[in-house]
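Data first, discussion second: the structure below is written as structure tokens.
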Number of protein chains: 2
Amino acid sequence: MPRQHFDSLDIKILEMLSNNARKPFLEIARETHISGAAIHQRIQKLTSAGVILGFRTEIDPAAVGYQTCAYIGFILNDPTKFDEVVARLREIPEVVDCHFTTGTYDIFARIYARNNAHLLEIIHKRLSLGLGRTETLISFKEVFKRPVPIVSENLE
Amino acid sequence: MPRQHFDSLDIKILEMLSNNARKPFLEIARETHISGAAIHQRIQKLTSAGVILGFRTEIDPAAVGYQTCAYIGFILNDPTKFDEVVARLREIPEVVDCHFTTGTYDIFARIYARNNAHLLEIIHKRLSLGLGRTETLISFKEVFKRPVPIVSENLE
DNA sequence: CCTGAAATTTCGAGCCG
DNA sequence: CGGCTCGAAATTTCAGG
């Protein structure tokens, strides 16, 4: 959704919820001197407006059996085949995101696999589409990860 | 954290919570024929074990003023300077993640900026470290994004 | 893993600008 | 009408077993 009319209360709610989706609404209410029900209503509105896309639980991939994380860049032969590649990527549950990009690659995706052999298997058996070629960047380590900052100046 | 001893209840909880961090514990309880308090205890244990890393609210970046998303790959002159680059990246709040990679780049990061001019400003003013060179891939569109699948077979 | 109680979330009704 | 408060029912959280 494009930008909406936010007031400073919306900003505070988004800031507080960003890092902790289960932060008690009454805590937010006390910090903003407003009723818990009003906070609840604001959050519903932000959700139905598409500003809040969802509440996700971040799970350690290694703890659930994914030792390998990789980026895959696609260089397409035929630049009209984006949708075909995306359809194939959607069918592979280990692919967690997919972007259309400019620069070295046309499509750029991220994938989790059980191990390097599993990654290779996915690339060879499920990503050899005959539509172009791929390059793989394996991640040794995710050094940090954090949400986008909520900055009220961005909205003025 | 490395892999733990999960039972099928843990798996179910992680599956259900993954897409909806605010799913009522009592709903999970009813679907698993167990008390709400027991679900609560399991979730606490999964959190303190580092399996659950946190509960995040996913916010549409465009709605809070970020029109540009980009990947930045670093090719370092001196491969021992990883930590120095990471320290600089951490100071830039618009940088949302950072990986050590093998392949074309040594370090690979993702960044959100207000617009292309803002992205260029960050790259020129804050990422010209004299430690190597960078390549930028701009994302036109995030086609999809989803959590890693929780698959019990991965844990056997 | 359960019970039970206090705090919190959720939702409908009503109030006020 | 839109945004808030109040109050009741459902849920979360925590202590104790």
Side-chain angles (χ1 to χ4, degrees), chain A residues 1-60 63-65 147 150-156, chain B residues 1-60 62-65 147 150 152 155-156:
Chain A
M1 292 288 149
R3 211 176 299 183
Q4 326 280 318
H5 308 292
F6 291 139
D7 62 15
S8 65
L9 177 56
D10 292 317
I11 296 292
K12 280 181 196 155
I13 291 172
L14 291 173
E15 273 175 1
M16 295 194 232
L17 240 36
S18 173
N19 265 320
N20 180 12
R22 297 189 72 92
K23 177 169 178 106
F25 294 178
L26 278 183
E27 261 181 47
I28 302 176
R30 284 188 291 263
E31 293 172 35
T32 54
H33 309 291
I34 220 170
S35 76
I39 300 297
H40 181 252
Q41 288 162 12
R42 289 280 189 138
I43 291 169
Q44 289 220 335
K45 186 169 294 188
L46 287 167
T47 301
S48 63
V51 176
I52 290 176
L53 299 174
F55 303 100
R56 320 263 179 242
T57 299
E58 191 179 337
I59 295 167
D60 180 6
V64 292
I150 311 294
V151 181
S152 55
E153 291 78 47
N154 288 355
L155 301 166
E156 282 167 4
Chain B
M1 292 291 149
R3 211 175 299 185
Q4 326 280 319
H5 309 292
F6 291 139
D7 62 14
S8 65
L9 178 56
D10 293 317
I11 296 292
K12 281 181 195 155
I13 291 172
L14 290 174
E15 272 176 1
M16 295 194 231
L17 241 35
S18 172
N19 265 320
N20 180 12
R22 297 189 71 92
K23 178 168 178 107
F25 294 178
L26 276 183
E27 260 179 49
I28 302 177
R30 285 187 291 262
E31 291 172 36
T32 54
H33 310 290
I34 222 170
S35 76
I39 300 296
H40 181 253
Q41 288 162 10
R42 289 283 189 134
I43 291 169
Q44 288 225 322
K45 189 169 293 186
L46 288 166
T47 301
S48 64
V51 176
I52 291 176
L53 298 173
F55 303 100
R56 319 266 178 238
T57 300
E58 191 179 338
I59 295 166
D60 179 6
V64 292
I150 310 294
S152 56
L155 302 166
E156 281 166 4

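Here is how names work: the chains are called A, B, and so on, in the same order as the sequence lines, proteins then strands, and each is numbered from 1.
If you measure from atom CZ of Arg42(A) to atom P of dT5(D), you get 10 Å, rounded to the nearest angstrom. Spacing between atom CD1 of Ile39(B) and atom C1' of dC2(C) amounts to 13 Å, rounded to whole angstrom units.
Thr57(B) OG1 to Arg22(B) CZ: the interatomic distance, rounded to the nearest 0.5 Å, is 7.5 Å. Going from atom CD1 of Ile13(B) over to atom CD1 of Ile39(B) covers 4.0 Å, rounded to the nearest 0.5 Å. With rounding to the nearest 0.5 angstrom, the CZ atom of Arg42(A) is 10.5 Å from the CZ atom of Phe6(A). Between Met16(A) atom CE and Thr32(A) atom OG1 the span is 6.0 Å, to the nearest 0.5 Å. Here the CG-CG distance, from Leu9(A) to Leu46(A), works out to 9.0 Å after rounding to the nearest 0.5 Å. Here Lys45(B) contributes atom NZ and Ile52(B) contributes atom CD1; the two are 13.0 Å apart, rounded to the nearest 0.5 Å.
Contact between Ser35(A) and Ala29(A) at its shortest, heavy atoms only, is C-CB, 3.8 Å.
The terminal axes of the helix from dC1(C)-dG17(D) to dG17(C)-dC1(D), fitted over 5 pairs per end, subtend an angle of 30° to the nearest 10°.
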Polar atoms only, N or O, under 3.5 Å: list the protein pairs with nucleotides 11-14 of chain D and their distances.
unit_1: dT11(D); atom_1: OP1; unit_2: Arg30(B); atom_2: NH2; d: 3.3
unit_1: dT12(D); atom_1: OP1; unit_2: Phe25(B); atom_2: N; d: 2.4
unit_1: dT12(D); atom_1: OP2; unit_2: Phe25(B); atom_2: N; d: 2.6
unit_1: dT12(D); atom_1: OP2; unit_2: Leu26(B); atom_2: N; d: 2.6
unit_1: dC14(D); atom_1: OP2; unit_2: Gln44(B); atom_2: NE2; d: 3.2

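Proximity of Ser35(A) to the phosphate of dC4(D): no side-chain N or O atom is located under 4.0 Å from OP1 or OP2.
Each of Asn19(A), Leu17(A), Leu14(A) was checked for a side-chain contact (heavy atoms from CB on, under 4.5 Å) with Pro147(A), and the lone residue meeting it is Asn19(A).
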